[in-house]
Structure formats: structure tokens, C-alpha cells
Amino acid sequence: LISTLIYSWWTSWSYRGPLICATTCQIVGDVVYALALPLGGSLRMVMLGRLISGFGSARALNRRYIADTFAPKERTAASAAFVTAGALGTSAGPAVAAGL
């Protein structure tokens with residue numbers, strides 16, 4: 001909720017900075033989360049990784065971008081494309097892991 005408010009305010013000026021920040025938070029959070037088990041299984045490290053990853057959630061950015069960029073008639077298709085891309089990405093991870 002906090003990141004949504006911050007990103008919503010920040011995107012009033014630009015989309016580049018918030019997208020870079022969200023991507024960086026997501027990558028750093030995922031690395032911290034992934035290293036929690038190899039570095040001793042720290043629950044605090046798991047929670048910290050999840051917290052940082054939460055600031056990397058760009059759903060508010062995507063919705064704001066769609067609302068500002070696409071015409072009202074095109075918004076449903078654009079929103080569906082963003083959701084589809086996210087779903088494909090979410091399902092691709094386990095599919096790749098199963099193949100390994």
C-alpha cells in the first residue's frame with residue numbers, strides 16, 4: 001500500500017524513475033530472499049527479502065501507465081496484455097524448474 005502511494009505520486013512527473021526503482025527493489029529483494037536459506041536459514045532475511053520485493057511490485061505503475069497512455073477503448077486490451085504477460089512469467093518459472 002505504501003509503495004502504491006509513493007509510485008502513484010512519483011509517476012505524476014515520469015515513469016522512468018519509478019520503473020527503475022521498482023525493478024531494482026524487485027531484484028534486490030529476490031536476491032536477499034534467495035540467499036536466506038544458504039546463509040543459515042534466517043527468517044528475518046526471508047522477511048526482509050519479501051519486504052523489499054513488495055516495493056518492487058509495479059502493479060500501480062502498470063495501471064497508471066495504461067490509464068495515461070491508452071485511449072479508453074484500448075485500455076481493456078492493454079490491461080489484458082499486462083496481466084497475460086505477468087501470468088506467463090509466473091508460470092514460466094516452475095515450468096523451467098521442472099525441466100531442470
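- Atom-to-atom distance recorded for Arg63:CZ and Asp68:CG is 14.0 Å, nearest 0.5 angstrom.
- Rounding to the nearest 0.5 Å places CE of Met45 at 4.5 Å from CG of Leu39.
- To the nearest 0.5 angstrom, Ile66 atom CD1 is 11.5 Å from Glu74 atom CD.
- Between Tyr33 and Arg50 the shortest heavy-atom distance is CE1-CD, 3.4 Å.
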May I have the list of side-chain donor-acceptor pairs in residues 20-32 shorter than 3.5 Å, sequence neighbours left out?
residue	atom	partner	partner atom	Å
Thr23	OG1	Leu19	O	2.8
Thr24	OG1	Ile20	O	2.8
Gln26	NE2	Asp30	OD1	3.1
Gln26	NE2	Asp30	OD2	3.3
Asp30	OD1	Ser53	OG	3.1

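- Residues that satisfy the ring-ring contact (aromatic ring centres under 6.0 Å, His included) test with Tyr65, not counting sequence neighbours, are Tyr15.
- Ser79 places no side-chain N or O within donor-acceptor distance of the main-chain N or O of Arg75, the cut-off being under 3.5 Å.
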